[in-house]
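Please read all numbers here as calculations on a predicted model, not as lab measurements.
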Amino acid sequence: MAFAVPLWLALREDSADTLDDLDDGALFQMFHLTRPCVAFVADAVRTRTKDAALKGPAAALPVDAAVMVALNYYAHGASCADVLRRVGGRELADPAAVVCAVSEVLAGMADQFISFPLLRDAKSRVASEIERACGIPGALGVLAPAHFRIRASPYEKEAFRSFVNSLGYTTVVSQVICDAHGNVLSVERCCVGGAREQDMWEASFKGREMEEELHGPYWVIGGKGYRLSKHVMTPVSEPANDTEVRFNEAHAKIHDVIRTTLGSMKRRFRCLMQLGFAQEGSLDKKGDIIKACSVLHNLAKKFSVPAPPAAGRIEPLHPGNQTAGPFSVDPEALQARQELIQRNFSVGSTSKAPPSKANLGGGL
């Protein structure tokens, strides 16, 4: 990826207030991103909106100002007074509308900054990195549901029961795939928290592409909420020997990368810790914010932006909302997994032992 030349970030065309009066520490506290990364994001949004202006109240602001309001909201889950003052807060009647407008633009940039491996060399590289990390060959990514808490009025809980996940609290959820280093490779549409992983996979663009063999003979590594298939590698539910135990340990270690990745995102973008209220018709707006933060997460990794200080508790990865009722396992997929286990995890196999968590990517 080519990076933009650093630029001055004037927030109002008629004001001398600029971000260059902030030292790097204060700017990082404001956005949880470094100055070069913020400059790159502002430049990318400005380029993207040359032909189609930002919508709603954001259209009245300079693009840089709108971007600063959004980045500040992502970092803290609320708009800080200092940022609103710099963009003319008394004139900004609806900061939330500005955030929505910028989020829609950033989400639309996912095709540039969130990329599933498509070319042969890219697939081989991603699969090799996962195999080096855990010993499981032929995987193009690590798959999981990403749950984000939302509020529901106690008077309307029945109306929003579909947002309650299997752990009993209200969320929205998006299907996410990452690589061994914690780069986000795919983010699908936002669903209600009660959606089941397997149903989401079957309805997703990436799920249909994988199961229709459009990506070749590769896997994604998924947890217990998914069914074993030709293209989803799940753990052995009841390991019968040491070989299967070793495979499950390797599976758990690489799958932990996505837990760490989602935790890192929520730590940097604290709006993801609480995405507002459960509302009919709000899934697209929440989905834009999730996808925007995924774009920014990848950019932060490209710019080697350090993690912000920890604040609050990051919940563990959702344990899995399994499909109700009995289902049959694809015998070909079961045989393929068993052959992989015997070939790579039996005593005397050529695969290396799975590394410790410290050697896996996506650290907080």
Determine whether a donor-acceptor pair (N or O, by modelled atom type, separation under 3.5 Å) exists between the side chain of [X] and the backbone of [Y].
X: Gln198; Y: Arg227; answer: yes
X: His76; Y: Gln29; answer: yes
X: Asn72; Y: Met30; answer: yes
X: Arg268; Y: Pro306; answer: yes
X: Ser204; Y: Trp201; answer: yes

Heavy atoms only: give me the nearest [X]-[Y] pair and the separation to one decimal.
X: Ile114; Y: Ser186; result: CG2-N, 3.6 Å
X: Leu106; Y: Ala292; result: CB-CB, 3.7 Å
X: Val295; Y: Ala110; result: CG2-CA, 3.8 Å
X: His147; Y: Gly193; result: CE1-O, 3.3 Å
X: Tyr226; Y: Ala144; result: OH-C, 3.6 Å
X: Pro145; Y: Leu262; result: O-CD1, 4.3 Å

Query - Stepwise side chain to side chain contact (heavy atoms under 4.5 Å, CB included) check, Met109 with Thr47 - result: CA-CA 11 Å; Met109 293 161 58; Thr47 300; over 6 Å; no
**Report entry** Cationic tip of Arg149 above Tyr169 ring, under 6.0 Å, 45° of axis
**Finding:**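 Yes; both conditions hold, so Arg149 lies above the ring face of Tyr169.
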Query raised in the report: Is Arg151 close enough and on-axis enough to Phe277, meaning under 6.0 Å and within 45°, for cation-pi?
Result: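 Judged by the rule, Arg151 and Phe277 form a cation-pi pair.
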Transitively linked via ILVMFWY side-chain contacts under 4.5 Å: [X] with [Y]?
X: Ile221; Y: Leu228; value: yes
X: Leu334; Y: Trp219; value: yes
X: Val173; Y: Ile177; value: no
X: Val187; Y: Met200; value: no
X: Leu272; Y: Val176; value: yes

Just by distance, no angles: are the side chains of [X] and [Y] close enough, under 3.5 Å, to form a donor-acceptor pair?
X: Glu188; Y: Ser174; answer: no
X: Gln338; Y: Glu244; answer: yes
X: Arg337; Y: Gln342; answer: no

Requested in this report: Please confirm whether His231 and His215 have ring centers closer than 6.0 angstrom.
Outcome: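 No, ring centres 6.0 Å or more apart.
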Side-chain heavy atoms of [X] within contact of [Y], under 4.5 Å:
X: Leu140; Y: Phe116; value: yes
X: Leu71; Y: Val67; value: yes
X: Val102; Y: Val69; value: no
X: Pro95; Y: Tyr73; value: no
X: Glu202; Y: Arg208; value: no
X: Cys178; Y: Val257; value: yes
X: Phe247; Y: Val236; value: yes
X: Lys123; Y: Tyr218; value: yes

Report task. Just say parallel, tilted or perpendicular for the rings of His32 and Phe28, cut-offs at 30° and 60°. Result ->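 Rings of His32 and Phe28: tilted, as their planes differ by 30° to 60°.
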Report task. Report the relative orientation of the aromatic rings in Phe40 and Phe113; use parallel for angles under 30°, tilted for 30 to 60°, perpendicular for over 60°. Result ->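 The arrangement is perpendicular - the two ring planes meet at more than 60°.
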Quick one: pull up [atom1] in [X] and [atom2] in [Y] and give me the separation to the nearest 0.5 Å.
X: Cys80; Y: Phe31; atom1: SG; atom2: CZ; value: 9.0 Å
X: Met265; Y: Phe148; atom1: CE; atom2: CZ; value: 5.5 Å
X: Ile289; Y: Ser103; atom1: CD1; atom2: OG; value: 4.5 Å
X: Thr170; Y: Asn165; atom1: OG1; atom2: CG; value: 8.0 Å
X: Glu197; Y: Cys191; atom1: CD; atom2: SG; value: 11.0 Å
X: Cys100; Y: Asp284; atom1: SG; atom2: CG; value: 11.0 Å

Requested in this report: Might you work through the side chain to side chain contact (heavy atoms under 4.5 Å, CB included) test for Leu27 and Val38, ending with a clear yes or no?
Outcome: CA-CA 9 Å; Leu27 186 140; Val38 170; 4.2 Å; yes
Query raised in the report: Could you walk me through whether Ser229 and Val232 pass the side chain to side chain contact (heavy atoms under 4.5 Å, CB included) check?
Result: CA-CA 5 Å; Ser229 74; Val232 179; 3.6 Å; yes
Salt bridge flag under 4.0 Å for residues [X] and [Y]:
X: Glu211; Y: Lys230; value: no
X: Asp256; Y: Arg259; value: yes
X: Asp43; Y: Arg46; value: yes
X: Glu209; Y: Lys206; value: yes

Report task. Look at atom CD of Glu332 and say whether more than 12 heavy atoms of other residues, nucleotides or ligands are closer to it than 6.0 Å. Result ->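 Counting neighbours around CD of Glu332, 12 or fewer heavy atoms of other residues, nucleotides or ligands fall under 6.0 Å, so no.
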Report task. Let me see the working for Phe205 and Arg189 under side chain to side chain contact (heavy atoms under 4.5 Å, CB included), right down to the final yes or no. Result -> CA-CA 9 Å; Phe205 290 111; Arg189 68 185 180 89; over 6 Å; no
